[in-house]
Amino acid sequence: MRVKRPATCPGNSPLGPALSRALMLALAFGMSGARGARAQEGDLLLPHDTEPQPVLATQATLPSVLGAEARRYLADGTSILRAPLRWDGTSWAQAAGTLGSLALLSTQDNRIDIAVQRHRSRTTNSISRAVTPLGSYAGVGVSVASLGAGLLFHDAPLRDTGRDAIEAEILAAGIVTPVLKTVFGRERPIQGSDADEFRPLSGRQSFPSGHSTEAFAVASVIAARSEGWVVPVAAYTLASGVAFARMNDRAHFASDVFAGAVIGTAIGRSIVHRHNPEEGNAGSWSLVPLASRRGGVGVGFHFGAKS
């Protein structure tokens, strides 16, 4: 059994994207060590899902592999979209709380934008440059590297982490968020708009944040498939850094990154839970609204490690 080493957060570094990729690669490889058993030689590419899946042999052709993956994505996506039909009272209360938090936060978007820009500096710009790629190509790279390394070294936990992360990125950041962007048509703060300017089907792309969606989709999968608290906290810290970077660069309002974080986390954890029920609900994480004595409103993060 390998020992996991905590990942560190990128600071004020000129390495930028290279540093962010290195950090996330270290995070992805570190989390696999504590999972225990490795895959045996001749393992199938597909893990043991909670629902019957097409059997795919190691020697399968590329078209058959892609076809099986497409069917898996369709089954998972359909199940996630139909999930509200199976919700109980607690689930509906949580959903209402999330939407209420989003509505409350959206009333403070302009104030938060002004406050973030007031405190913007070379340091915050440097941090933004370092972590922003984690919400785009670097996040994809981490997922692909995890899948590839898992297949190469016959490491089932690492393989499944990469596989679930790729699926979460496709469903969350590749489908759900782009559809919502088109429907809402919100203008970005850098375009000089106020927070209440929505132009449906106008091509505006502010709500929700795609970078935040992707970063939290990957982080939620890594966290759900990790033991202890170090790797989950590191993963969500880096994802939160991406959300901060998007506000720092005036690419998004606070409610944009909040919505992206919720979408990415919900879909990422749902996918892991479908493929491994014991892991999908592990590591409770949530966004909660906060109010200050001066009347300010913000968002806080709550994380509960596996028991």
Side-chain angles (χ1 to χ4, degrees), residues 7-28 105 109 112-146 165-166 168-170 172-174 176-178 180-181 186-193 204-223 232-265 267-268 287 298-299 301:
T8 56
C9 296
N12 185 3
S13 168
L15 295 180
L19 175 61
S20 65
R21 289 195 296 271
L23 283 170
M24 285 301 284
L25 282 172
L27 183 64
L105 186 60
D109 274 336
I112 294 173
D113 178 48
I114 293 172
V116 170
Q117 296 309 306
R118 184 184 300 124
H119 293 88
R120 187 172 181 176
S121 65
R122 291 182 179 180
T123 298
T124 63
N125 288 340
S126 178
I127 293 174
S128 295
R129 286 193 298 272
V131 301
T132 296
L134 298 176
S136 56
Y137 63 87
V140 175
V142 170
S143 304
V144 172
S146 177
I166 291 172
E169 290 172 290
I170 292 175
V176 175
T177 290
L180 293 177
K181 282 177 176 288
R186 189 183 202 181
E187 293 192 0
R188 299 179 187 273
I190 200 171
Q191 294 172 322
S193 67
R204 303 298 186 180
Q205 297 286 303
S206 188
F207 181 87
S209 166
H211 279 71
S212 297
T213 301
E214 181 167 335
F216 276 90
V218 176
S220 63
V221 170
I222 291 176
V233 167
Y236 282 128
T237 297
L238 289 172
S240 300
V242 174
F244 163 77
R246 302 308 283 164
M247 291 190 294
N248 180 81
D249 298 341
R250 299 206 75 206
H252 290 287
F253 291 104
S255 59
D256 298 336
V257 300
F258 176 93
V262 170
I263 293 169
T265 302
I267 292 180
L287 287 163
V299 177
F301 300 88

Chemist: Return the minimal non-hydrogen interatomic distance between Ile222 and Ala235, and the atom names on each side.
Modeler: CG2-CB, 4.4 Å

Chemist: If you compare all heavy atoms of Phe207 against all heavy atoms of Ser255, which two are closest, and at what distance to 0.1 Å?
Modeler: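 Nearest pair, atom of Phe207 first, then Ser255: CE1-O, 3.8 Å.
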
Chemist: Which heavy atom in Ser206 sits nearest to a heavy atom in Pro189, and how many Å separate them?
Modeler: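 Result for this residue pair: OG-CD, 4.2 Å.
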
Chemist: Could you tell me whether Arg246 and Asp256 have a side-chain N and a carboxylate O separated by less than 4.0 Å?
Modeler: no

Chemist: Enter the distance from Asp109:CG to Met247:CE here, rounded to the nearest 0.5 Å.
Modeler: 9.5 Å

Chemist: Kindly give the heavy-atom pair with the smallest separation between Ala243 and Val257, and that separation in Å.
Modeler: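 The pair with the smallest heavy-atom distance is O-CG1, 3.6 Å.
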
Chemist: Are Phe253 and Phe258 close enough, and set up right, to give a side chain to side chain contact (heavy atoms under 4.5 Å, CB included), and what steps lead you there?
Modeler: CA-CA 9 Å; Phe253 291 104; Phe258 176 93; over 6 Å; no

Chemist: Return each pair, listed once, that meets salt bridge (Lys or Arg N to Asp or Glu O under 4.0 Å) where at least one residue sits in residues 235-245; pairs must be two or more places apart or across chains.
Modeler: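 Listed by first then second residue: nothing to list.
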
Chemist: Within the 4.5 Å heavy-atom criterion, are Val140 and Glu214 side-chain neighbours or not?
Modeler: yes

Chemist: Would you give the length of the straight line joining atom CD1 of Ile267 to atom OG1 of Thr177, rounded to the nearest 0.5 angstrom?
Modeler: 7.0 Å

Chemist: What is the minimum heavy-atom distance between Ala172 and Ile263, and which atoms define it?
Modeler: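 Closest approach of Ala172 to Ile263, heavy atoms only: CB-CG2, 4.3 Å.
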
Chemist: Working to the nearest 0.5 Å, report the span between NZ of Lys181 and OG1 of Thr213.
Modeler: 7.5 Å

Chemist: Return yes if some donor-acceptor pair links the side-chain N/O of Ser146 with the main-chain N/O of Val142 below 3.5 Å, else return no.
Modeler: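 No.
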
Chemist: Among residues at least two apart in sequence or on other chains, which ones pass side chain to side chain contact (heavy atoms under 4.5 Å, CB included) with Glu187?
Modeler: Gln191, Ser193, Glu197, Arg199, Arg204

Chemist: Could you tell me whether the side chain of Thr124 and the main chain of Arg120 form a donor-acceptor pair under 3.5 Å?
Modeler: no

Chemist: Rounded to the nearest 0.5 Å, how far does CG of Asn248 lie from CD1 of Ile127?
Modeler: 8.5 Å

Chemist: Taking the side chain as every heavy atom from C-beta outward, state whether Ser212 and His252 have any pair of such atoms under 4.5 Å apart.
Modeler: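 They are not in side-chain contact.
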
Chemist: Between the side chain of Thr265 and the main-chain N/O of Val262, is any donor-acceptor distance below 3.5 Å?
Modeler: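 No, because the side chain of Thr265 does not come within donor-acceptor range (under 3.5 Å) of the backbone of Val262.
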
Chemist: Between Ile190 and Asp249, is a side chain to side chain contact (heavy atoms under 4.5 Å, CB included) present by the stated rule, with each step listed?
Modeler: CA-CA 8 Å; Ile190 200 171; Asp249 298 341; over 6 Å; no

Chemist: From Gln117 CD over to Ile112 CD1, what is the distance, rounded to the nearest 0.5 angstrom?
Modeler: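 Rounded to the nearest 0.5 Å, the CD-CD1 separation comes to 12.5 Å.
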
Chemist: Do you know the tightest heavy-atom contact between Ala223 and Tyr236?
Modeler: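 What the structure gives for the nearest pair is CB-CE1, 3.7 Å.
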
Chemist: Please answer whether the main-chain N or O of Arg122 pairs with a side-chain N or O of Ser126 as donor and acceptor at a distance below 3.5 Å.
Modeler: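 No.
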
Chemist: Drop me the distance from Tyr137's OH to Thr132's OG1, to the nearest 0.5 angstrom.
Modeler: 9.0 Å

